[in-house]
Visitor: 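To start, I am sharing the structure in question, which I have written as structure tokens.
Naming convention: chains lettered A, B, ... in sequence-line order (proteins, then strands); numbering from 1 in each chain.
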Number of protein chains: 2
Amino acid sequence: MTRERVYLFDTTLRDGAQTTGVDFSLEDKRAVASLLDRIGVDYVEGGYPGANPLDTTFFSEKRTKNAKFTAFGMTKRPGRSVSNDPGVASLLEAQADAICFVTKSWDYHVHVALETTLEENLAGIRDSVSAAREKGREVIVDCEHFFDGYKANPTYALACAKTAYESGARWVVLCDTNGGTLPHEISAIVREVVKVVPGGNLGIHAHDDCGCAVANSLAAVEAGARHIQGTLNGLGERCGNANLVTLIGALKLKDGYASRFDLGVSDESLGQLTHLSRQVDEILNRQPNRHAPFVGASAFATKAGIHASAVLKDPHTYEHVEPESVGNVRKVLVSDQGGQSNILAELKRLGFTFEKGDKRVSRILDEVKRKEAEGFAFEGADASFYVLVKRMLGEVPAFFQVERFSVNVERRFNALGEMVTASEAIVKVRVGEDVLISAAEGNGPVNALDVALRKDLGKYQDLIQDLELIDYKVRIYQGGSDAVTRVLIEFSDASGDSWTTIGVSANIIDASFQALTDSMVYKLLKSGAGL
Amino acid sequence: MTRERVYLFDTTLRDGAQTTGVDFSLEDKRAVASLLDRIGVDYVEGGYPGANPLDTTFFSEKRTKNAKFTAFGMTKRPGRSVSNDPGVASLLEAQADAICFVTKSWDYHVHVALETTLEENLAGIRDSVSAAREKGREVIVDCEHFFDGYKANPTYALACAKTAYESGARWVVLCDTNGGTLPHEISAIVREVVKVVPGGNLGIHAHDDCGCAVANSLAAVEAGARHIQGTLNGLGERCGNANLVTLIGALKLKDGYASRFDLGVSDESLGQLTHLSRQVDEILNRQPNRHAPFVGASAFATKAGIHASAVLKDPHTYEHVEPESVGNVRKVLVSDQGGQSNILAELKRLGFTFEKGDKRVSRILDEVKRKEAEGFAFEGADASFYVLVKRMLGEVPAFFQVERFSVNVERRFNALGEMVTASEAIVKVRVGEDVLISAAEGNGPVNALDVALRKDLGKYQDLIQDLELIDYKVRIYQGGSDAVTRVLIEFSDASGDSWTTIGVSANIIDASFQALTDSMVYKLLKSGAGL
């Protein structure tokens, strides 16, 4: 059976830029465009040239190698010719393979927002599309609020779509701009539209205001559309756009789709999906959604003792797809709800081998539960879990003992009358027979403490020289009656390895201290020191 | 047209307990059960009595007033009679109105996981349901992995469903246990099942592993089912269960459903939906999902300058439902992408009136952009934005000036040879003519600084006496090349008001200092001090 091609249009850099708390720098846009090229999407909508200086600069050159680099803007404004419209001019000047025009398709908007006639709006579509075609650009037309427009005045909405198609648009995209259309409505309406615009030229742009963006996109494809617009990780204003990461996973891996449709995303790229999804969050300093379909840290994680045994016996019984196919991993969570099978699987993953029934496993499990009651969470802090296990096995040599530290932050007027803040730390460490005192300054108390701790570790100093603190996360956690601070620190070393440790205390410096020293011990163990 | 009743079954306290990082205490379960009663769901599945001590205790009494309090467990194990099955015994002992039995309906599981025959499994369903009916319990049967089971062996899956129904189950629930079924498959399969089990006795239990849990639930209802199982805020293992909050919003407010279906959720309760959703996150110390449909902080937030003017002119043009109907608010975000209309709307919301074109508005906008470039984000930090505006208007008296502070954290051996950590702060403040020095201890450096700052503010001390720090959030934000720390602090006072301030610095103590002093200034302004 021949598979039909479905095209993916990514608008992370345009619609996704509307996400609360997200601001793309030029460098961010470059990095994301390059990442999108690696995934294999067909179109990368880079932004809105003319609307702001950054986007105009972004379109001073083509930013993708494989995907069609696409510029977004509005159809010509009423009452002026297309050659006198600065918005269209910016689009035509942009170094882009394709232009995506957004146009009104709801009569109400034409009258109230544009303050013009229905016929003038259609002329605007016609003229804009033609102007872009004349310049050799591929044209996409986004019909804004299409589904509400169709419900209000189906004749007009269809006329907009048809006009766009007949003027030469490669794609006419039906946009559920306010995200309020339901899947059964999408199905019914798209089935009507394919009577005037062929499915092979029809696209869908869904939003998640009813939690149905992915389903709406799939419903449109079922009804004949062959182009899906969305964003990475479901970025976008309000509740976000359709999540292209989820859609790629579903279209590539689910029987109901993989046999019928073909994407520009290769199997190799699919295997990088988890990594690429996390990179986007890193670029934007966003907390990854651990519950995201396919790529979330918890997407293949199981907590319940009963499930865990079955999952490990035969994953097929419980997993809908293989985690490795999207570059994700199966996780059996270390948690106080988990039983022996959970802990054994986690221990195995970290390189420890125990026989079933080994009493030490129960003791480790008890210690985990005890620490979790204090506020520790070892999911995502593998290195601390590793060190805990090694300690319980008595396999951690007495590398060093911090006998004292003092951290000070002082804010005062300097000699020039300026308010300045200084952070200092003093650390007193015993290493074997020696007692070493180090002092350091930092840009903050934790930085000062980190530098002081790793300034002079005596005979072990060489081994920790290449440590680099690459991430620092703080979370206030409500345990029992008091709040405690949970600090997660990620380190890397010259080998390229990276690992995360955790510290918990009511005192953020104390919590940081635990995570810092755990990391140092982990590195020393890793280096085979003291053996 | 008569509306048909759709029943909502909440499993937040059972399936939702499997969420990564979630652990319900007994008090948590009581609080959530009471909250669910207020929302108006029909069933509250409280947990799994017999599986762990907490759940067994939870079922020692009925915990809901209106909703049917439901106990979860497995059908009887093969090879024993129902009266000799401890699992079933726990269920029958539980103080519950209803029992929800989970049973296998995929032949593969019956053979491999249960290691028994297809017939024995059916007998297990029959006997368990009958035993519960004899004890006067309403019975729900969850057919595990139903859709995979149907695809593998439709005859057997249907036999399980039919057996449950004929044995007296009020509801037969088709579970997409691994979340891998797609909406068009749900539709097709449910349409087959209603030929053997009436739609009025059929339910759906969906998971979000393909991002389609809500859509799958709606598809099942479209196909005839009248019972939906889900969790608040989409809690649940892996990618979560179907989000009941989203489903309540959709079923109550969307034309396509509100005219056809009736829920146990009243319009009053609907108006509390946002508040109740946030309360659940608070109880569980979870970061609320600001992008959640209907109730998310950003669900009705618009950033773009163009949209903002239109939204404020006529919200109906851009919003799919009214935010107030679910207890949410429209937001026009203060952001560097926003134009004048955005800022004016925010200023109006905080009680400032400016004429359009007032030059001070541009200056305020410029200052906001400047601070945002440093890492500030005023969304969610209203009090800091308020103080910023007041300062720019020259309306903040010189209340106090902190001339110096020093914060120290020291960890060392005490006289008993124990490792202890002590945190101290000294603050030197000028209030009018007086210079006041205060010292304080705390459980951490920020706590010590907070106590010292508010210990002696001279003539203003009375006005800040009732301040209480109720929440403290830290986020490391990657601005330009360096990471900065963003601190958000929430205070309340005796009147019950609460507000949030923000501080940004590479130094966490400095950032906390900014947020703390902003809050003190806000409180003094609010009290009318210095006028």
Visitor: So for V402(A), is it side chain, backbone, both, or neither that comes closer than 4.5 Å to the heavy atoms of chain B?
Guide: backbone

Visitor: Strictly under 6.0 Å, is that where the ring centroids of H184(B) and Y257(A) end up?
Guide: yes

Visitor: Do the side chains of Q18(A) and R238(A) get nearer than 4.5 Å, heavy atoms only?
Guide: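 No, their side chains stay 4.5 Å or more apart.
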
Visitor: In chain order, what residues pass the side-chain contact (heavy atoms from CB on, under 4.5 Å) check against A51(A), with sequence neighbours excluded?
Guide: Y48(A)

Visitor: Decide yes or no for V214(B) and S217(B): does some side-chain heavy atom of the first lie under 4.5 Å from some side-chain heavy atom of the second?
Guide: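 No, their side chains stay 4.5 Å or more apart.
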
Visitor: Go through V446(A) and I509(A) one step at a time and tell me if the side chain to side chain contact (heavy atoms under 4.5 Å, CB included) criterion holds.
Guide: CA-CA 6 Å; V446(A) 176; I509(A) 307 301; 4.2 Å; yes

Visitor: Taking the side chain as C-beta and beyond, is there a heavy-atom pair between V427(B) and F405(B) under 4.5 Å?
Guide: yes

Visitor: Go through F513(A), W106(A), Y108(A) and name the one with the most non-hydrogen pairs under 4.5 angstrom from chain B.
Guide: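 Among the listed options, the one with the most contacts to chain B is Y108(A).
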
Visitor: Can you tell which part of E403(A) gets under 4.5 Å to a heavy atom of chain B, answering side chain, backbone, both or neither?
Guide: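 Contact with chain B involves both backbone and side-chain atoms of E403(A).
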
Visitor: Under a 3.5 Å cutoff, is there a donor and acceptor pairing between the side chains of T485(A) and Y472(B)?
Guide: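 No pair is found: no donor N or O on one side chain lies under 3.5 Å from an acceptor on the other.
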
Visitor: Relative to chain A, which of R404(B), E222(B), E424(B) shows the most heavy atom pairs under 4.5 Å?
Guide: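 Heavy-atom pair counts peak at R404(B).
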
Visitor: Using a cut-off of under 4.5 Å on heavy-atom pairs, state which of A250(A), G211(A), S187(A) scores highest against chain B.
Guide: G211(A)

Visitor: With a 4.5 Å cut-off on heavy-atom pairs, point out which of C212(B), A299(B), A506(B), A215(B) contacts chain A the most.
Guide: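 Among the listed options, the one with the most contacts to chain A is A299(B).
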
Visitor: Heavy-atom cut-off 4.5 Å, strictly under: side chain, backbone, both or neither for S25(A) against chain B?
Guide: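 For S25(A), there is no contact with chain B at all, as no heavy atom is under 4.5 Å.
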
Visitor: Let's test your reading of the structure: which of N447(B), N178(B), V409(B) forms the most heavy-atom pairs below 4.5 Å with chain A?
Guide: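 Of the candidates given, the most pairs with chain A belong to V409(B).
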
Visitor: Please identify each residue that fulfils side-chain contact (heavy atoms from CB on, under 4.5 Å) with V295(B), with sequence neighbours left out.
Guide: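 V295(B) satisfies side-chain contact (heavy atoms from CB on, under 4.5 Å) with V245(B), L273(B), T274(B), S277(B), A292(B) once adjacent residues are dropped.
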
Visitor: How about N507(B) and T421(A): does a side-chain donor come under 3.5 Å of a side-chain acceptor?
Guide: no

Visitor: Quick check on the interface: out of G180(B), A422(B), G444(B), who has the most heavy-atom pairs with chain A under 4.5 Å?
Guide: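 Top option by heavy-atom pairs under 4.5 Å: G180(B).
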
Visitor: Please determine, among L253(A), N216(A), L218(A), N408(A), the option with the most heavy-atom pairs under 4.5 Å with chain B.
Guide: N408(A)

Visitor: Shorter than 4.5 Å, heavy atoms on both sides: which option in R411(B), R412(B), K151(B), E410(B) has the most such pairs with chain A?
Guide: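 Ranked by contacts with chain A, first place is R411(B).
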
Visitor: Just so I understand: if I count every heavy-atom pair under 4.5 Å between each of T181(A), N243(A), N443(A) and chain B, which residue has the most?
Guide: N443(A)

Visitor: Looking only at heavy atoms and a cut-off of under 4.5 Å, which of H291(B), H145(B), E27(B) has the most pairs with chain A?
Guide: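 Among H291(B), H145(B), E27(B), the one with the most close pairs to chain A is H291(B).
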
Visitor: Below 4.5 Å from any heavy atom of chain B, which atoms of D510(A) appear? Answer side chain, backbone, both or neither.
Guide: side chain

